[in-house]
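One structure is given here, and the rest of the page talks about it.
Counting starts at 1 for both ligands and their atoms, in listed order.
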Amino acid sequence: MNNIPYGKQTISQEDIDAVVEVLKSDFLTTGPKAKEFEEKIAKYCGAKYCVCVSNGTAALHLSSMVLLKENDKVLTTPNSFLATANAILYVNAKPIFVDICSDGNIDLDLCEEQLKKDSSIKAIYAVHFSGKSVNQEKLKYLKEKYNILILEDCAHSIGAVYKDIKAGSCINSDISIFSFHPVKTLTTGEGGAITTNNKEYYEKLLRLRNHGTTPNPEIGPWHYDMNELGFNYRLTDISCALGLSQLNKLDIFLEKRRQIAKKYDDFFQNILNIESLYSFTNESAYHLYVIKIDFKKFKVDKKELFLKLRENNIFIQYHYIPINKQPYYKNLGYGDEHTPIMEDYYEKALSLPIFPALLEEDQEYVLKTLLEILNG
Ligand SMILES: *Cc1c(COP(=O)(O)O)cnc(C)c1O
């Protein structure tokens, strides 16, 4: 039997053909496909500008260079992949970890408490965890009332909506970032993107992606000036061709993920001591489908469940280990924040397999096996 991972890319013959076509062309790295990919992402999200970069972490790094200065304080969530908070450290700014709400997203009411207490807080880095947007009205309110910068980490949420607001549109934020890692909804192998409606940010991001350089045709057509320190965070045209081809299928991918999520949701309505992280919503992009298991009521613990599922070819994951509890963060003095919801959440949360190619029979097998193991 094949392994069933929690997430996986879907690659078609068209994707392969699109990549091969670039390999036969003149441009392998950032060229016409990158430009087209950026235009299409910006259009899809409803943002003015898009800059594609080598991965989601690079997108976070460059965004932090644009938004933050040394020692700036940034409210963020412990419930994310490491990169969200690490990007704050990259520019020597200071993450402040805020507890989450019941849906796994940063608690914006607690953010407001912090903003009231400390007017020097510069920004919020919010993650639309699992593909469900944070409350956009509250985001808008905080941005306007406290005059803060907002970064939306949309690594889980391409295609997600909040009422009529599309993830990455930056309607209530300064910058959004995406990841196109194979486990995410849309893939370029490795890849990432930044969207913004701010022209200055856009131009600076373009420079930073390319060593901090700008052409200077006044001196000569060959000449470039470097006025700031940048990186090589370019995305290849090979990757962008894959991304463009994947974008054509994004709405089908999302539809499939929502179908799978709905089925999980219906199933867990009738199961005691296991609940879906939030009840089904068409607005979520469902990068993850998370359930919360009250392990005290069952015969196995978290580790046994993980290992036994593996023995049965099911590769679930626990998202996320609280970032503030990581040894590196503990060495910096983090880890003792008051985050009871996050701690309770991490004891219970499990990400089930969800990806467009997941077969109905495999989903049923996952559910049956999960209950069998839990009930011993
Ligand atoms: C995947 C992910 C990232 C990092 O993206 P990479 O492309 O792997 O560098 C950042 N934030 C979140 C929430 C992610 O899930």
Write out the residue and atom name of the closest protein heavy atom to atom 12 (C) of ligand 1, then the distance separating them to 0.1 Å. Ala155 CB, 3.4 Å

Number the atoms of ligand 1 from 1 as they appear, then name those within less than 4.0 Å of a heavy atom of Ser80, with their elements. 13 (C)

Mind checking whether Thr369 and Ile314 have side chains closer than 4.5 Å, heavy atoms only? yes

Can you name the one residue among Ser130, Ser351, Ser276 that meets side-chain hydrogen bond (donor to acceptor under 3.5 Å, both in side chains) with Tyr289? Ser276

Is there a heavy atom of Tyr125 sitting under 4.0 angstrom from any atom of ligand 1? no

Ser179 to ligand 1: N or O pair under 3.5 Å? yes

Contact atoms of ligand 1, heavy-atom distance to Gly56 under 4.0 Å: 5 (O), 6 (P), 7 (O), 9 (O)

Does Lys184 have a non-hydrogen atom less than 4.0 Å from ligand 1? yes

So if I count the atoms of ligand 1 from 1 in the order they appear, which ones are less than 4.0 Å from some heavy atom of Tyr320? 15 (O)

Exam field: side chain Thr76 to backbone Tyr125, donor-acceptor pair closer than 3.5 Å: yes

Can an N or O of His181 be found at a distance shorter than 3.5 Å from an N or O of ligand 1? no

Given the rule in the side chain to side chain donor-acceptor pair (under 3.5 Å) test, do Asn135 and Tyr162 qualify, once you have shown the distances and angles that lead to the verdict? CA-CA 8 Å; Asn135 184 321; Tyr162 181 94; 3.2 Å; yes

Relative to the heavy atoms of Thr84, which atoms of ligand 1 are at a distance of less than 4.0 Å? 11 (N)

